[in-house]
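For reference, the structure is listed below as structure tokens.
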There are 2 protein chains.
Amino acid sequence: MTNKTYGQLCPIARSLDILGDRWTLLLIREFLLGPKRFKELLAILPAMGTNRLSERLAMLVQNGIIQQVARTPSSLPAYELTDLGEQLRKPILALGSWGLKLPIDERIDPTSARAELIALCLTSAGDPKASAGLREAYEFQVDAEVFHIQVNDGSLLARSGPSAEPVAVRVQCDMATFLALVQGQDTPARALREGDIKLLLGDRQAFTRMFKVLEYKP
Amino acid sequence: MTNKTYGQLCPIARSLDILGDRWTLLLIREFLLGPKRFKELLAILPAMGTNRLSERLAMLVQNGIIQQVARTPSSLPAYELTDLGEQLRKPILALGSWGLKLPIDERIDPTSARAELIALCLTSAGDPKASAGLREAYEFQVDAEVFHIQVNDGSLLARSGPSAEPVAVRVQCDMATFLALVQGQDTPARALREGDIKLLLGDRQAFTRMFKVLEYKP
DNA sequence: CCGGATCCGTAACGATACTG
DNA sequence: CAGTATCGTTACGGATCCGG
């Protein structure tokens, strides 16, 4: 939406004054999955170009949405969400939850698929009651991707990489299987039986519980 | 974000392929408050220009977010949200709820203030438990604006105009008082005592309950 | 090489005039 | 009243170049 502001005394318009420019919300989407470096972001969103990317990052830093941090042992710099930025999780995932329903037209590049982006949106689509009182983690390996979902009494948090805490379930599958499951064209029971999903850790009861917690009803 | 799509198989990106262009989310914001005509929208968002406005409306119709309807007795055409569009209430209000926290800088035009836009965002900022089991309506008259909030067991729905159903509370105040209350610079009790708010209908108990249901904690 | 900054052609926006 | 047409201005997208 350009750096021109709407200039309206409306909370939605003021949010969009910061978040409304092209690419901005997709950048925050990436940060919702964890800290990322300039080069990683550029690899994911190459059409931004280095100039646009550095522009947006500087703007988000200035508005207190992200901050630069040194990442673990090697001090390679990265960007991550501030508390204010983390509070965007709810609205952005709500938007993604809405987007799950949308038809996938021919302009979508299927090779751009990343399971963690779908999983991220699933963490807001389900019913919080399905995980009330539950506290555990699930880890996914989809093709070369690794990500996990931390469940904590009704709240679900998806992040890239392996889980820091012990996981109740670890599964492995390919992208086609993952998409078929999300789109309801396949069932967890069938995929497990046929070997399309491998249960690397956890028992069948936990496996079933995981899909119940994540259940998405189109 | 232009009619160019991101082309990513990501629910957030697909949502933004439809909603990401400049002005689009502000249009939907207006429809969340009720049906509106071309001319009314243009009066609210004059910087769009007639061409941009008709472009966006056509795009939203094509994507099934809004539809054209004939408004009550006189058959003046108007646009209103479809079911799919109405489902955007949650994500957009979540964004507005986040925006309530943002500082109001000098680029904001104070004369653009509309109480119903603030109230709209407040309907998503509070705790649903505060209105669990409650079913009633509140009506507001802020300067020349009239709008109402329908409470229904944890869900709050703000709309322009008077309430179709009987209201539990009807209040009247000016914009300065409304903003001071929302920003926590004034309290309902003081405003009522000093006559800054007039309680046109309902008792003090209902008045207090209303503010509890709507309570916004910065 | 990584994180940027500079430059430039193209596409979207903002304003106004015009039409059914 | 509800749009279309036109046009100057601004942002985007892609490539190239700079400093550590």
Side-chain angles (χ1 to χ4, degrees), chain A residues 1-8 13 16-27 30-31 35-63 66-80 107 109 112, chain B residues 1-8 13 16-27 30-31 35-63 66-80 107 109 112:
Chain A
M1 318 243 181
T2 106
N3 62 32
K4 279 208 57 175
T5 67
Y6 291 114
Q8 297 183 2
L16 292 174
D17 282 339
I18 296 177
L19 307 172
D21 294 292
R22 189 160 163 82
W23 300 113
T24 302
L25 282 172
L26 293 193
L27 279 175
E30 294 304 323
F31 293 129
K36 284 207 171 56
R37 303 227 325 260
F38 188 96
K39 187 186 151 170
E40 298 174 303
L41 295 165
L42 191 62
I44 291 167
L45 307 169
M48 284 194 76
T50 56
N51 49 357
R52 210 72 48 204
L53 177 53
S54 67
E55 255 179 48
R56 293 287 186 275
L57 290 172
M59 184 272 292
L60 288 173
V61 168
Q62 167 154 19
N63 283 285
I66 61 174
Q67 59 193 344
Q68 242 180 325
V69 290
R71 278 210 298 199
T72 37
S74 71
S75 60
L76 283 169
Y79 297 89
E80 67 175 15
R107 293 175 303 183
D109 174 17
S112 71
Chain B
M1 318 243 182
T2 105
N3 63 31
K4 278 208 58 175
T5 66
Y6 291 114
Q8 296 184 2
L16 293 174
D17 282 339
I18 296 177
L19 306 173
D21 295 290
R22 189 160 163 83
W23 299 113
T24 302
L25 282 172
L26 293 194
L27 279 176
E30 295 304 323
F31 294 129
K36 284 206 170 56
R37 305 227 322 263
F38 188 95
K39 186 185 151 171
E40 299 174 304
L41 295 165
L42 191 63
I44 290 167
L45 307 170
M48 283 193 76
T50 55
N51 50 358
R52 210 72 48 205
L53 176 55
S54 68
E55 253 179 48
R56 293 287 186 274
L57 290 172
M59 184 273 291
L60 288 173
V61 168
Q62 167 152 20
N63 283 286
I66 61 173
Q67 57 193 341
Q68 241 179 326
V69 291
R71 278 210 299 200
T72 37
S74 71
S75 61
L76 283 169
Y79 297 91
E80 67 174 14
R107 293 176 304 183
D109 173 17
S112 72

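Chain letters run A, B, ... following the sequence lines, proteins first and then strands; every chain starts at 1. All figures in this text were calculated on a predicted structure; none of them were measured in a lab.
- Listed nucleotides: C/dC13, C/dA5, C/dC2. Nearest to the side chain of B/R56: C/dC13.
- B/K36 has its NZ atom 17 Å from the P atom of D/dC1, to the nearest Å.
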**Prompt:** Using a cut-off of 4.0 Å between protein heavy atoms and nucleotide atoms, how would you tag nucleotides 15-20 of chain C 5' to 3' with B, S and -?
**Reply:** BBB---

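- In this structure, A/D21 places its CG atom 15 Å from C1' of D/dG13, rounding to the nearest Å.
- In this model, the phosphate group of C/dG14 is not approached by any side-chain N or O of A/Y6 to a distance below 4.0 Å at OP1 or OP2.
- Distance, A/F38 CZ to C/dG3 P: 7 Å, rounded to whole Å.
- In this entry the distance linking CG of A/L45 with C1' of C/dG3 reads 16 Å, nearest Å.
- Within the 4.5 Å cutoff, the side chain of B/M48 has no heavy atoms near those of the B/L41 side chain.
- Side-chain contact check for B/D109 versus A/Y6: every heavy-atom pair is 4.5 Å or farther apart.
- Between the CD atom of B/E55 and the C1' atom of C/dA12 there is a distance of 9 Å, given to the nearest Å.
- Residue B/Q68 contributes atom CD, which lies 11 Å from atom C1' of D/dG3 at whole-angstrom precision.
- Atom CZ in A/R22 sits about 10 Å away from atom P in C/dC13, given to the nearest Å.
- Every residue two or more places apart in sequence or in another chain that forms a side chain to side chain contact (heavy atoms under 4.5 Å, CB included) with B/S54 is listed here: B/F38.
- Side-chain contact between B/I66 and B/E80: absent, with no pair of heavy atoms (C-beta onward) separated by less than 4.5 Å.
- Using a 4.0 Å cut-off, no side-chain N or O of B/W23 falls inside it from OP1 or OP2 of C/dA12.
- An OP1 or OP2 oxygen of D/dC1 is reached within less than 4.0 angstrom by a side-chain nitrogen or oxygen of B/K39.
- When the side chain to side chain contact (heavy atoms under 4.5 Å, CB included) test is applied to A/E55, the partners found at least two apart in sequence or on another chain are A/R52.
- Looking only at side-chain heavy atoms (C-beta outward), B/L26 and B/I44 stay at 4.5 Å or farther from each other.
- Side-chain contact between B/L27 and B/L53 is present, with at least one heavy-atom pair separated by less than 4.5 Å.
- Candidate nucleotides D/dG3, C/dG14, D/dG13 were compared by shortest atom distance to the side chain of B/S54, and D/dG3 ranks first.
- Considering only side-chain N and O atoms, B/R37 lies under 4.0 angstrom from the phosphate OP1 or OP2 of D/dA2.
- Rounded to an integer number of Å, the gap from CG of A/L27 to C1' of C/dG3 is 15 Å.
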